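Have a look at the structure below, then the notes.
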Amino acid sequence: MASKGFFTKSFLLYHRILHRNLSIGKLYRRTLSAKLPRYPSQSTSPPSFYDISNKTLVIDMDEWLLKSNSIFPYFMLVALEGGGYLRGLLLLFSYLFLYFFASEELMLKVMVMFSFCGMKVDGFRLDRAVLPKYFLENVGLEGFEVLKKGLKEAKGVVCVSRRVPRVMVDGFLRDYMGVKEIMGREIGMKYGFFSGVLMDWNEDKLAQKMEDVGGDVMAFGSCFGKYSQQRPFTEIYTTTEQEKKNWNTLPQDMYPNPLVFHDGRLAFTPTPMATLAMFVYLPLGIVLSVLRSLIFGLLPYRLSIPLSSLTGSRSYLVGQPPQYKTGTNRAGGQLFVCNHRTLLDPIAISAGLNRPVTAVTYSLSRLSEIISPIQTARLTRNKEEDRRRMSTLLARGDLVVCPEGTTCREKFLLRFSPLFAELTDKVVPVALNTRVDMFYGTSTSIFKFMDPFYFLMNPRPEYWVEFLEKVPTEGRSIDVANGIQRKIGEALGFELTVLTRKDKYMMLAGNEGIVKA
Ligand SMILES: O=P(O)(O)OC[C@H](O)CO
């Protein structure tokens, strides 16, 4: 009897909490939007946005900066990239289940729980390595203009994330938007792990922060309760999701800091439906990946290229591959110098030439070496030793070198290490590009050996190979290397940088990317 009473009470309590979450949460949002003045979406700047030198801007990231209010994809990225497929699947099912009856707050708490519970705090880098790309792709130009003006002219700018926890937005706001004052909800931690419990929003902390920064406060996106009651804001601007649909997306060339590096396997925004589609496709993707690996590993190119195109992959050869001819070089073979998109670059070049080549690498897993259809040789990062190894290989036949030393996913070229220019009289620059639609075939994680399989797991992976005019290697090797970087950059329309492998690994993985020889 007692237990029956207990269950009845528990059920009623559960029902009351659910009902409160369900109705109050939604009502609050409606009242909030209805009360506040709207920022007309067709206007390029808010009405009295002239002199803001004595003002503090409080910008709600979710409501004002981002175009779409849907935050599920960011949690799915954390779950999949930080936890794995099982965690992703749990998050997806719980979301789909709760979608029809839970309040926004309840959904948020569940998403945080499934994405973070048990994840290590130390070394959590998803906010810097993975999430910024997706936030950037969702920034509305109109909202961004306000932030940009604020950062340039206002007394202070505080960016607030009321829904997405601070630990997820910090890297994006700090590294890519240039915001220094960031406030968001915290996630509980215990013994160095995230507990997955989402803490309540701390209005007092925000009020204190605004007091510290000083000046009149202008709010964008949402009203900030306590503070505005004590000291009314000078202006409040809000907008609706419907209005934001008409906003423009921030173009890539307007990113305050360019997105050169990012990590993570997913190459699409994991909305609930897109994630579901990926899970359904996954078994077929694995079969395709194995099949394509076997095709390229066992068959000659004249058969493997048409056969793999039957499986959906595409390769394009632009320009005429150089004729097989030795003599002009001091060494025996030709030296092909390419930009680096994936581990499969040398194979793509070999297929374009329709003859075997040797590839030099810095960090190839044993598995990749074993299954590689072309010969590979390791470099050591010791200049003299690498020069000796490359010269020996070049004397034996054609050699492919990727002087960037690491892959780059975006339209940028990293610094070209000049050692290759000291080996031979002429080199053949090769411009490479790839396209993936579901998974990236590169990573900085410990599962790097899976990189080529992920590339081949895409429904329609694509490779472009363009052989450029031979270039003489006269003059200083660094000038030759820069000249070839420029030529490849022009061919691809990519931007040149002086960034290195070390820069990439420091940013994405927190190490220098050094692999034992
Ligand atoms: O895995 P990445 O992107 O560091 O590139 C690996 C290169 O192939 C090293 O030679």
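Source: prediction; values computed, not measured. Read the numbers this way: they start at 1 and go in the same order the structure lists the ligands and their atoms.
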Any Lys/Arg nitrogen of [X] or [Y] sitting under 4.0 Å from an Asp/Glu carboxylate oxygen of the other?
X	Y	answer
R174	D170	yes
D386	R378	no
E385	R389	yes
E469	K487	no
R162	D62	no

Heavy-atom contacts with [X] under 4.0 Å: which atoms of ligand 1 show up? List them by number with element.
X	result
Y505	1 (O), 2 (P), 4 (O)
L343	8 (O)
K504	3 (O)
T361	10 (O)

* To do: Before giving the answer on side-chain contact (heavy atoms from CB on, under 4.5 Å), spell out for I187 and M168 the whole-Å C-alpha distance, their side-chain angles and the decisive distance to 0.1 Å.
  => CA-CA 10 Å; I187 302 175; M168 288 169 71; 5.5 Å; no
Problem - Over 12 foreign heavy atoms within 6.0 Å of CZ, F279 - result: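 Enclosed: over 12 neighbouring heavy atoms sit under 6.0 Å from CZ of F279.
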Looking only at protein heavy atoms, identify the closest one to [atom] and say how far it is in Å.
atom	value
atom 1 (O) of ligand 1	K448 NZ, 2.4 Å
atom 10 (O) of ligand 1	Y362 N, 2.6 Å
atom 3 (O) of ligand 1	T407 OG1, 2.4 Å
atom 7 (C) of ligand 1	H340 NE2, 3.2 Å
atom 6 (C) of ligand 1	S363 OG, 3.4 Å

Q.
Below the 3.5 angstrom mark, is there an N/O of R501, backbone or side chain, next to an N/O of ligand 1?
A.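 The answer is yes, given that R501 and ligand 1 share an N or O pair closer than 3.5 Å.
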Based purely on interatomic distance, does T442 place a nitrogen or oxygen under 3.5 Å from a nitrogen or oxygen of ligand 1?
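Looking only at distances, the answer is no, because the N/O contact criterion of under 3.5 Å is not met.
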Only one of V130, V169, N138 forms a side-chain contact (heavy atoms from CB on, under 4.5 Å) with Y74, so which one is it?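 It is N138; the other options fail the test.
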